[in-house]
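Okay, structure first, notes after.
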Amino acid sequence: MFRHFTGNQSVMMIGLDFGSTTSRAMIASAHLERNPMTERMELGEPELIYRSDAILTPFENGELCTETINTCLEQWLEESGIDCDQLFSGGVIITGLAAEKQNALAIARSVREKVNQAIVATADDPCMESWLAFMGNSLELSRATPEIPFINLDIGGGTTNPALGIDGNITESGCYYIGARHFQFEPGTYRLLEVSNHGQQLLVQLGLQLTIGEECSQNSIDKIVSFYVQGLEAMVTGDHSWFDQGDGQQLCQVAFQPNAQALQQAAITFSGGVGELLYQYTATGKLPDTTAFGDLGIDLCKAIADSKTLCRSLSQYIPEYKGRATVYGLALHSAELSGNTLFMPKPEQLPVNDLPIVARLALNADENRIKRAIELARKTHNGGCIRITLRDDNYPGFKELKSFGEKLAEMIELSGFPSELPLLLLVPKDFGKVIGSYASRWGKLPVNLMAVDEVPDRKAGFVSLGKVKNFVIPVYFYGMH
């Protein structure tokens, strides 16, 4: 059973980002500490231990190249000097066009296994990518000016992932197929080498005929880039009709629909490969040569710089990492930290990965709702998670906790819940041990029950738990809504 937190302790965190165009790694360290204001466990000011150079994401025969990815991973770890057993939290994410490859999720999970089972691994989770990019790029700016909404546009090779946040809290996210690498060229020229499926759809819509192996005209390039910029402008101005009924319908994967007032007041920041180029261009007035990266990144950067709508706050609000966002978000913000009044009879079973969040239950939920939640968790392969919610964030009384725990125990027993299947309760305040004790009848029920407390609510479909460090557990959410 867990004791109380015993003071701050240094932990290592890793981020591994495999995108449409480039891939990179980052490792940082920070101290576990309790925030004196919120009383929640947090990671203190991070120190960057290692940041890899960006590499071109390796593809072979239309799929991600497993061998090259493994070689890069080994090189990054060797250069950093970090032992995988030292890692406490972090994640690997495959995004954009790379996430559409058939072997993407398998590679993400394989990398997790090689690095540390305690990190999150996902592919093609667009709202998580939007969330991570905002946290890695715009969080400090947002907290420093809490009265100003911030829109972060994470523009990569395959997608643009917008997120809006106020005072560091993200309120809206989305994903659109606007990116630099839907059209690939021989570097230094506009000789077309490859077009993605989304790029082919765009050519039909624009009435353009481009031929693989032939040089594209400047007029065609301008039409494609101009269309993408129109889409970006529609995002930040709230022109939903452009995507819902207009030209941009086929670009929308997840709609970004903040309220109009927030959009009017918002500052705009950029991240992703195009974002990095944009801040470089703003600072120096210089860019690499035509299609230096074999895509439209440079052209898109120039067109964004010419848009008064998009660049209205470009020089006023400059992120610390100048666009290198997702890998920072993965390393520093992919995990929430639990409290340490946990119910965890078998901590040796951690990490536990990929538990679907099957229900959200208030403490006054009736027996039928609790029964349905238990039945849903019983049908899962890996186990299931139930999120406990509070009315108005008020701390519940002892009778309310006892009553809910006893009803939960009764439904677990009646359902014949498999003794080996994990059942996780996520608790918003520091009563995890109390709920877990009553729900397991003080350990007498044959159930693999865990209760993890002081975890902020996120609108997500899945949760994973990392390994214990100083009586604290990293908690990962993904499958963002």
Side-chain angles (χ1 to χ4, degrees), residues 17-24 53-59 94-100 129-130 133 136-137 152-162 175-200 202-203 206 208 210 215-218 220-233 235 251 268-307 310-311 314 319 321-327:
D17 175 24
F18 298 92
S20 303
T21 308
T22 59
S23 301
R24 49 165 54 99
D53 293 330
I55 64 163
L56 289 175
T57 300
F59 294 95
I94 299 178
T95 61
L97 297 178
E100 296 185 351
E129 185 180 353
S130 301
N137 200 55
N152 187 66
L153 296 178
D154 186 61
I155 309 173
T159 58
T160 292
N161 293 74
C175 181
Y176 297 85
Y177 295 113
I178 295 175
R181 211 160 180 79
H182 291 293
F183 300 89
Q184 296 183 45
F185 307 92
E186 181 181 308
T189 75
Y190 287 119
R191 191 172 77 83
L192 189 64
L193 300 180
E194 188 175 340
V195 181
S196 74
N197 291 333
H198 302 292
Q200 293 284 8
L202 180 56
L203 292 179
L206 296 179
L208 295 175
L210 305 184
E215 192 86 6
C216 299
S217 70
Q218 188 63 54
S220 296
I221 298 298
D222 291 344
K223 283 186 176 180
I224 294 168
V225 171
S226 175
F227 187 81
Y228 281 157
V229 170
Q230 289 176 47
L232 296 174
E233 291 177 339
M235 283 180 221
L251 296 178
I268 301 173
T269 55
F270 296 87
S271 60
V274 176
E276 287 186 59
L277 281 172
L278 190 58
Y279 288 115
Q280 174 187 326
Y281 186 42
T282 303
T284 66
K286 298 178 181 179
L287 282 171
D289 294 334
T290 302
T291 64
F293 306 106
D295 57 30
L296 289 176
I298 295 164
D299 299 84
L300 190 52
C301 173
K302 289 178 180 177
I304 292 171
D306 289 336
S307 167
L310 294 172
C311 291
L314 187 64
Y321 300 120
K322 297 181 176 63
R324 297 184 296 272
T326 305
V327 70

For residues [X] and [Y], determine if any side-chain heavy atom of one lies less than 4.5 Å from a side-chain heavy atom of the other.
{"X": "Leu97", "Y": "His182", "answer": "yes"}
{"X": "Val229", "Y": "Ile178", "answer": "no"}
{"X": "Ser307", "Y": "Glu233", "answer": "yes"}
{"X": "Phe293", "Y": "Thr22", "answer": "no"}
{"X": "Phe185", "Y": "Leu296", "answer": "yes"}
{"X": "Cys311", "Y": "Ile304", "answer": "yes"}
{"X": "Ile298", "Y": "Leu277", "answer": "yes"}
{"X": "Thr21", "Y": "Leu56", "answer": "yes"}

Any donor-acceptor pair under 3.5 Å linking the side chain of [X] with the backbone of [Y]?
{"X": "Tyr279", "Y": "Phe270", "answer": "yes"}
{"X": "Asp17", "Y": "Arg24", "answer": "no"}
{"X": "Thr159", "Y": "Tyr177", "answer": "no"}
{"X": "Thr291", "Y": "Thr189", "answer": "yes"}

Nearest-0.5 Å distance that lies between atom [atom1] in [X] and atom [atom2] in [Y]:
{"X": "Phe183", "Y": "Ile221", "atom1": "CZ", "atom2": "CD1", "answer": "8.0 Å"}
{"X": "Glu186", "Y": "Glu215", "atom1": "CD", "atom2": "CD", "answer": "8.5 Å"}
{"X": "Leu232", "Y": "Leu251", "atom1": "CG", "atom2": "CG", "answer": "9.5 Å"}
{"X": "Leu310", "Y": "Met235", "atom1": "CG", "atom2": "CE", "answer": "9.0 Å"}
{"X": "Ser220", "Y": "Leu210", "atom1": "OG", "atom2": "CG", "answer": "5.0 Å"}
{"X": "Thr160", "Y": "Tyr176", "atom1": "OG1", "atom2": "OH", "answer": "10.0 Å"}

At their closest point, which heavy atom of [X] faces which heavy atom of [Y], and how far apart are they?
{"X": "Asp295", "Y": "Ala180", "answer": "CB-O, 3.1 Å"}
{"X": "Gly96", "Y": "Glu129", "answer": "N-OE1, 4.2 Å"}
{"X": "Arg181", "Y": "Ser20", "answer": "CD-O, 3.5 Å"}
{"X": "Gly19", "Y": "Thr57", "answer": "O-OG1, 2.7 Å"}
{"X": "Gly156", "Y": "Val274", "answer": "O-CG2, 4.4 Å"}
{"X": "Pro187", "Y": "Ala292", "answer": "CB-O, 3.9 Å"}

For this session: Check whether more than 12 heavy atoms from other residues, nucleotides or ligands sit under 6.0 Å from atom CG of Asp289, and answer yes or no.
Result: no
Exercise. Is the number of heavy atoms from other residues, nucleotides or ligands within 6.0 Å of CG (Asn197) greater than 12?
Worked result: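 Open.
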Exercise. Are Asp299 and Asp222 close enough, and set up right, to give a side-chain contact (heavy atoms from CB on, under 4.5 Å), and what steps lead you there?
Worked result: CA-CA 8 Å; Asp299 299 84; Asp222 291 344; 5.8 Å; no
